[in-house]
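Okay, structure first, notes after.
Just so you know, ligand 1 is whichever comes first in the structure, and atom 1 is the first atom listed for that ligand.
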Amino acid sequence: MRTVDLIQKKRNGEALTAEEIKWLTEGYVDGTVPDYQMAAFAMATYFQGMTTEEISHLTMEMVASGDQIDLSAISGIKVDKHSTGGVGDKVTLILVPLVASFDVPVAKMSGRGLGHTGGTLDKLEAIKGFKIEQSQDNFIKQVQEIGLSVIGQSENLVKADKLLYALRDVTATVDIIPLIASSVMSKKIAAGADAILLDVTVGDGAFMKNIDDARELAQTMVSLGKAVGRQTVAVLTDMSQPVGRAIGNRLEILEALDILQGKGRDDVTSFICHLAQLLLRLAGVDKTVEEIHANLENGKALAKFEAMVEAQGGDLKDLYRQPVVKEIVEVKSEKDGYIAALPALEFGLFAMKLGAGRAVKTDVLDYETGIVFDKKVGDPVKTGEIIAKIYTNQILSQKELADFQKNVKIDTEVIQAQEILDIIS
Ligand code: URA
């Protein structure tokens, strides 16, 4: 077999066989297929797509390229959750302890943020002392003992994805449904959970800009999961505005703690309770949204979160500390009306420039900086009222502040924001 022939075959719109995909994936991991040929193959895939069989073969070859986690030592149905990325997306921080508070074990591997999107690991590392690296044995032991753990993806999990994702990131080949589906699902399958909830984000701040593409991605991933015996459900969620109030690592931890105490905004709290209901159902536990909400009010979910922080070396005394920044800049409304749009991409990029996110993988984060929105889409606002606070360690120019202000869209008519757009099962 020659790589050039496989690239040509894909370029001409033909489907590759299982053997050909195996050859290509193994060759890429062992170095016999160089980056430039894999990049050409990814670009050909962008234009020609893949059949369902090809996506399935690619996913399973990627799973086979590294370690697979065996969670069988943990009793019960183990659940996992994955988001395709977003701005202010702190859902995992709340959902994991909330589900664990119903005695459903969660053993989760998370990722870091890049560009305008945030990553759960970065948020957890905003907690002093929190360790995201753990041996597989300790990871399993912690879930056996306290019911939950969130750690970084082990080095050898889905080696092919590590290489391919880095390559796609610099060759304009990230936003390709077959490649996103195989990347996400190979990691979920290798991570070993029995049931998987996929949060497929849609809109300005997400990879999928429209609902039809998001639905296709969701359906592809749900089929991949079910084909290997994992219960899989996908939720299409709105990413046209940031999730909740905060963007930025420490600020998102503080918002997560508020939600975990029943003190968060009603919209984001209700959204997370609905996701928890779906995840619990996958584990065979039927609860009403009200029963789930009760575990925020009664401290059970918070207790799980604090137990995880403690077990992973985090400092509970530092947990609730407000961010330490040079300046908190208040952005006030210049007119009366309703918030009509808060473009997630623009504010994600703004927060990234404050140091809350990385432009390139090697950037060092400033955990304390970010944005907190006092108003979200649909909220009424009056002239002079605070819309957002910017937590910064840099002096912001007049132009930067004007750009921020320009991105807050205010209208005279109220718009109803909706978090869950569809459920694919
Ligand atoms: N998240 C992933 O894990 N992989 C992709 O390809 C895109 C988003």
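- Side-chain polar atoms of Asn393 and Asp366 form a donor-acceptor pair below 3.5 angstrom.
- Among all non-hydrogen protein atoms, the one lying nearest atom 5 (C) of ligand 1 is Tyr165 CE1, 3.2 Å.
- Ligand 1 has an N or O atom lying under 3.5 Å from an N or O atom of Ser183, backbone or side chain.
- Nearest protein neighbour of atom 8 (C) of ligand 1, counting heavy atoms only, is Phe207 CE1, 3.4 Å.
- Not a single heavy atom of Val174 sits closer than 4.0 Å to an atom of ligand 1.
- The pair Asp422-Arg215 counts as a salt bridge, with a side-chain nitrogen and a carboxylate oxygen less than 4.0 angstrom apart.
- One finds a salt bridge joining Asp5 and Arg2 here, because a Lys/Arg side-chain nitrogen approaches an Asp/Glu carboxylate oxygen to under 4.0 Å.
- Here Lys209 does not pair with Asp175 in a salt bridge; the nearest charged N to carboxylate O distance is not below 4.0 Å.
- At the top of the distance list for atom 1 (N) of ligand 1, counting protein heavy atoms only, stands Val184 CG2, 3.9 Å.
- Shown are Lys141, Lys108, Gln312; of these, the side-chain hydrogen bond (donor to acceptor under 3.5 Å, both in side chains) with Ser149 is made only by Gln312.
- Contact atoms of ligand 1 toward Lys187: 2 (C), 3 (O), 4 (N) (distance under 4.0 Å to a heavy atom of the residue).
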